Structure formats: structure tokens, C-alpha cells
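The structure appears below as C-alpha cells.
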Amino acid sequence: MEYVNPEGLRLDGRRFNEMRQIVAEVGVVSKADGSAVFEMGNTKVIAAVYGPREIQNKSLQKKNDHALVLCEYSMAQFSTGDRRRQKFDRRSTELSLVIRQTMEACILTELLPHSQIDIFLQVLQADGGTRSACINAATLALADAGIPMRDLAVSCSAGYLNSTPLLDLNYVEDSAGGADVTVGILPKLDKVTLLQMDAKLPMETFETVFALASEGCKAIAERIREVLQENTKQLEYRRAA
Amino acid sequence: MGLPDSSQDLSTEMEVDAFRRIFPLRFFERHLSESLRPDARPLGKARDTIVNPGLVSTADGSALAKIGSTTMLAAIRMEVMTPSTDSPDEGCIALEFHMPPICSPTVRPGRPADAAPVISKRLSDTILSSGMVDLKELCLVSGKAAWMGYLDIYCLNADGALFDAALLSAVAAFSNLEIPVVALNDNGRIVAISGGKDEDNASIIEKKAVNKEKRKLTLKNIPFSLTCILHKNYILADPTTEEESIMDTLVTVVLDASDQMVSLYKSGGTVLAYSSAVKSCVELARKRAKELKQILGEMDID
């Protein structure tokens with residue numbers, strides 16, 4: 001099947017280095033301390049952060065002078081096109097762990113000892129790149145909750161099909177069987193917190209795909225910053241009024 | 001500081017927010033005596049309600065309903081199944097109400113919220129007993145194939161009146177639902193086909209209307225609900241989470257479009273409801289049903 005036509009257009013009309021449309025909004029769940037909706041094309045994710053609050057299960061606490069970060073990833077039953085999913089399958093558990101470790105790396109947990117920060121992610125629509133959308137949504141929600149962080153954690157995926165590196169794969173391109181590289185970086189510090197890949201790639205190709213994904217991450221970071229600044233302005237207007 | 005009569009003096013010294021937290025009942029009663037609530041609503045008025053259909057493109061029908069801050073997302077997926085032998089001409093609806101941890105600080109992961117299965121059962125009973133959906137419309141081939149509709153409702157923000165918002169989102173999702181086009185293939189199994197490929201599939205059964213176009217269900221007797229709180233001799237319509245946590249007597253009335261009562265629910269609580277209180281609740285529910293009917297009507301036109 002042809003994923004990139006001879007003119008360089010993909011199945012949805014994008015070029016190899018174009019991301020899907022991003023819609024991001026902060027403060028959508030009024031009951032949560034911080035929340036955000038993040039959409040990358042047709043992938044829609046809601047993140048809600050509760051914390052810092054009292055630790056509910058003391059047996060989970062390992063480091064006394066650091067905050068405990070918990071993360072739960074779940075997909076709505078109607079989020080995928082094919083079938084109803086089981087609520088807690090192995091993939092959800094793996095993703096919960098991956099996202100928790102990514103966010104834990106960028107939260108300044110030593111500033112909030114004896115407390116718990118809960119990050120809940122709900123996927124409403126899945127069209128590839130849910131992992132990345134979740135990390136981006138979690139970053140926005142954590143910022144909305146006022147939790148101190150080293151840097152924004154942003155994530156983007158890239159793949160390699162028809163001998164072309166492609167940025168931000170959707171579900172069809174992801175299930176094509178080519179490589180899928182998900183990268184999570186801290187843009188200002190220029191450090192990689194998450195790097196996952198499946199399928200085989202030669203080393204040089206991997207470096208190209210990785211560089212493409214990092215570029216995508218930086219663009220998302222710009223967008224997230226804009227959203228947060230706009231949000232702060234709105235808060236300022238309301239306070240002044 | 002804990003003496004009852006000294007709280008009068010404290011209220012002038014303390015900040016409003018602190019008073020709200022420490023003496024919640026007195027805070028509310030001060031408002032109720034002026035026939036108002038802290039968000040400036042009159043006692044019988046519900047919060048602003050918004051309904052948005054068709055948000056989830058992967059589902060066959062969906063809707064988002066917001067009453068104040070309470071947000072519910074309902075989506076329906078249709079699958080083909082074999083009908084049971086007692087009712088070979090009828091399809092089936094399976095309803096599930098989820099309260100994921102994002103919706104409220106009191107829901108812990110791994111442990112379902114106490115309210116979720118209760119609301120799930122009540123919703124299921126209300127929708128089936130109201131007769132809104134004619135299960136015979138969900139039949140494809142009598143005795144062999146019928147539609148099973150999986151309705152999933154997710155609470156995205158829990159701020160009181162969960163049952164009302166969930167019912168509204170379910171009703172809106174049903175009116176947004178379009179039954180997918182299917183055909184019977186050579187092996188006698190139903191397969192889904194996308195529109196425009198009818199000519200390729202040689203064994204289409206002509207008499208089934210669903211093959212020609214995606215169709216919507218005819219909904220009759222649409223149920224509308226209103227939850228009220230009873231406190232002393234006040235009746236508060238459409239409570240928020242804060243109000244529900246302080247005053248524990250809730251009454252839910254469900255009426256349909258022709259003003260018939262579909263369900264009445266009062267489960268315990270410190271206040272006993274005399275028939276006059278129940279009648280007032282029904283009156284408030286009637287007014288609310290008119291409002292909701294208009295909101296749903298506007299949604300369909302869009």
C-alpha cells in the first residue's frame with residue numbers, strides 16, 4: 001500500500017514533516033486541581049491532575065522526602081474504531097507506567113514531600129499517537145495545577161514508511177508495520193526523557209527519524225507555551241476585574 | 001469557637017470562604033432565608049444546560065451534555081448479535097455508566113465510585129421502562145440478526161445532579177444515532193459496508209430499509225429528569241456537589257414529553273417528604289422538562 005504518493009503527500013494530504021492539527025485547552029474539569037484537553041488530529045485526550053494531596057496508600061510511598069506521583073491511563077470504550085476494549089488491559093498498564101516515569105522526571109518532587117500527585121488520563125478518541133497526546137495533556141494539566149516542574153515534557157512520534165521518515169503518525173500509518181519512534185523531551189534543557197521504538201531500523205535512518213520527532217516536539221512545546229501564556233493572561237484579567 | 005451562639009459574632013469577623021468551609025450548613029441557610037443560593041440561583045432554577053451532539057467520530061451516535069460544570073459524554077456503538085429466542089424480533093441496549101478518576105477528587109483509581117453502579121442501574125431502568133427506544137426497530141433479520149447498542153456514558157466532571165446530566169446525554173446520543181448500513185453476505189453473515197459500495201455486494205436483501213441509507217431511530221416518550229434536594233421546608237432544584245454533601249435528602253423525578261411520570265426516586269435522607277413536597281418537586285420537574293425539550297429540539301435542528 002502506498003503511504004506516501006510520488007508527489008510526497010500522505011494519506012491525509014500532509015507532507016512528511018507536517019503534524020496534525022493541535023487543539024489544546026486548559027482548565028476543562030472544574031473539580032480537578034489542574035486539567036487539560038489535548039487533541040492531535042482525531043486523537044483526543046483529557047488529563048486531570050489532583051494534587052498535591054495527602055497520600056492515600058502509605059504502602060506505595062517509597063521515598064519519604066519526595067512527592068509520590070501516580071498515573072492512570074484509560075481508554076474509553078468507544079475510543080477505537082474496531083471493538084470494545086477491556087478496561088484495564090496490559091497496554092493501559094504499560095502506558096500508565098511509561099507516562100508516570102516521564103512526568104516524574106520533570107516534576108520537582110523534592111519540593112512537595114509527604115504528598116501525592118495524581119495524573120489521570122482519559123482517551124476519548126484514539127487515532128494514533130495517544131501516548132504523545134497524553135504526555136502533552138499531562139504537562140498542560142500539571143502546569144494548570146501549579147505543580148513545580150523542571151521543564152515542560154513534550155512528546156511526538158515519527159515513523160518510516162515507503163523509505164520516507166514521517167512525522168506524527170495516525171492510526172493507519174502506525175498499523176502499517178513500519179517503525180514507530182515515540183520521543184519525549186524536555187525542550188529547554190534539551191534532554192530526552194522518553195524514547196520508544198518498535199520494528200527494525202538501520203542506525204542512520206533511526207537518527208533521521210529521531211531528529212524529525214524531536215523537531216516535532218519543539219513545535220509542540222511552542223504551542224503549549226502559547227496556550228499557557230494565554231491562560232495566564234486570562235487569569236490576570238479576571239483577577240484585575 | 002465551637003459554641004453555637006458565638007458563631008453569629010464569628011461570621012462578621014471571619015472571611016466568607018472560611019465560614020463556608022467551617023459552617024457549611026449555616027452558610028447555606030443564610031442564603032436560603034433570602035430564597036437564593038450561593039451561585040445566585042433562585043431555589044427552583046437549574047443551572048445552564050448545553051448539549052452538543054456528534055463529538056465522537058468513532059461512535060455511531062454521541063453527545064456531550066453539560067449542566068453547570070457537570071459534564072457527561074455519551075457514545076453508542078452498534079454491533080450485530082443473535083436475538084434471544086423469547087424475543088426474536090427485538091434488539092438490545094446495554095448501558096454502562098463510568099466515573100473515571102478525572103471527574104472528581106473523591107474517586108480513587110482501581111476502586112469504582114460508590115455512585116457509579118447505582119446511577120448505571122437507575123439509568124438503565126429509566127431508559128428501558130420509558131419506552132423511548134422501540135427494540136423492534138433494532139431488528140435486522142427476524143430470529144437471526146439484530147442490533148446490540150452499547151451505550152457508554154463517561155462522567156468527565158462531577159459537580160452534582162449526575163443522574164440528570166447522564167440521562168440527558170444518553171437521550172441526546174440516541175437522537176444523534178445513525179444505524180450503520182449492513183448487508184447479508186454469501187455465508188449468511190451480516191457485514192458492515194460503507195455507503196456507495198452497494199452495487200459490489202451481490203447478495204443484498206432489498207426489503208431491509210437499513211441497506212439503503214443510514215437511518216435514525218424514532219424516539220417516543222423521551223424522559224427528562226430533575227433532581228431536587230429537600231431541606232427543612234426548602235426545595236432546591238439541580239444541586240451542586242457542595243449542596244449534595246451538606247444536605248442529604250435527594251428526590252429525582254423523571255417525566256416524559258407528555259407529562260407522564262416515568263420514575264420517582266427518593267432513597268432515605270433525614271427529611272421526610274410529605275405529598276406536598278413531592279407535588280412541588282413534580283411541578284419543578286415539569287418546568288424543567290419543557291426547558292430540556294426545547295434544548296434538545298434546538299440541537300436536532302443544527
Side-chain angles (χ1 to χ4, degrees), chain A residues 27-37 39 41-57 60 70-85 87-88 92-93 96 100 116 118-128 134 137-138 141 145 171, chain B residues 39 47 54-64 66-79 81 94-112 116 148-160 162 173 177 180 192 194 240-242:
Chain A
V28 291
V29 178
S30 62
K31 283 265 153 227
D33 294 321
S35 59
V37 167
E39 295 178 33
N42 283 331
T43 299
K44 290 186 176 86
V45 167
I46 288 191
V49 166
Y50 287 95
R53 56 180 175 177
E54 200 186 323
I55 295 194
Q56 285 164 347
N57 192 350
L60 290 175
L70 292 176
C71 176
E72 189 184 84
Y73 167 96
S74 78
M75 297 184 80
Q77 309 278 22
F78 45 74
S79 57
T80 50
D82 318 325
R83 300 173 45 200
R84 277 168 72 76
R85 311 180 63 92
K87 198 175 175 202
F88 284 116
S92 300
T93 317
S96 301
R100 176 170 73 76
Q116 175 178 316
D118 285 316
I119 306 172
F120 299 121
L121 300 152
Q122 183 75 30
V123 177
L124 299 176
Q125 243 183 238
D127 188 26
C134 283
Y171 180 73
Chain B
D39 53 358
R47 292 169 284 179
L55 286 180
V56 181
S57 49
T58 45
D60 299 310
S62 61
L64 179 85
K66 274 183 84 152
I67 299 186
S69 309
T70 301
T71 311
M72 299 278 169
L73 180 63
I76 307 177
R77 289 200 55 87
M78 306 295 281
E79 278 181 16
M81 57 133 200
L95 193 155
E96 217 184 315
F97 176 71
H98 306 258
M99 277 184 77
I102 57 172
C103 72
S104 161
T106 51
V107 178
R108 283 159 56 168
R111 209 180 149 181
M148 166 80 127
Y150 288 104
L151 170 62
D152 289 293
I153 305 176
Y154 280 81
C155 179
L156 300 178
N157 198 350
D159 194 19
L162 299 181
L177 174 67
S194 48
T240 61
T241 307
E242 203 187 347

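Below, chains carry the letters A, B, ... as their sequence lines are ordered, and counting in each starts from 1. Nothing here was measured: the structure is a model prediction, and the numbers come from that model.
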Check the angle between the aromatic planes of A:F78 and B:Y154 and answer parallel, tilted or perpendicular using the 30° and 60° thresholds. perpendicular
Tell me, for B:S57 versus chain A, whether the close heavy atoms (under 4.5 Å) come from the side chain, the backbone, both or neither. both
Is it the backbone or the side chain of A:V49 that comes under 4.5 Å from a heavy atom of chain B, or both, or neither? neither
Under 4.0 Å between a side-chain nitrogen and a carboxylate oxygen: does that hold for B:D159 and B:R47? yes
Can a donor-acceptor pair be found, under 3.5 Å and without considering hydrogens, that links the side chain of A:T43 to the backbone of A:D127? yes
Residues A:D118, B:R108: salt bridge by 4.0 Å N-O rule: no
If I measure from the heavy atoms of chain A, does B:I76 come under 4.5 Å with its side chain, its backbone, both, or neither? neither
Find the one option among B:S62, B:P109, B:S69, B:A59 whose heavy-atom pairs under 4.5 Å with chain A are most numerous. B:P109
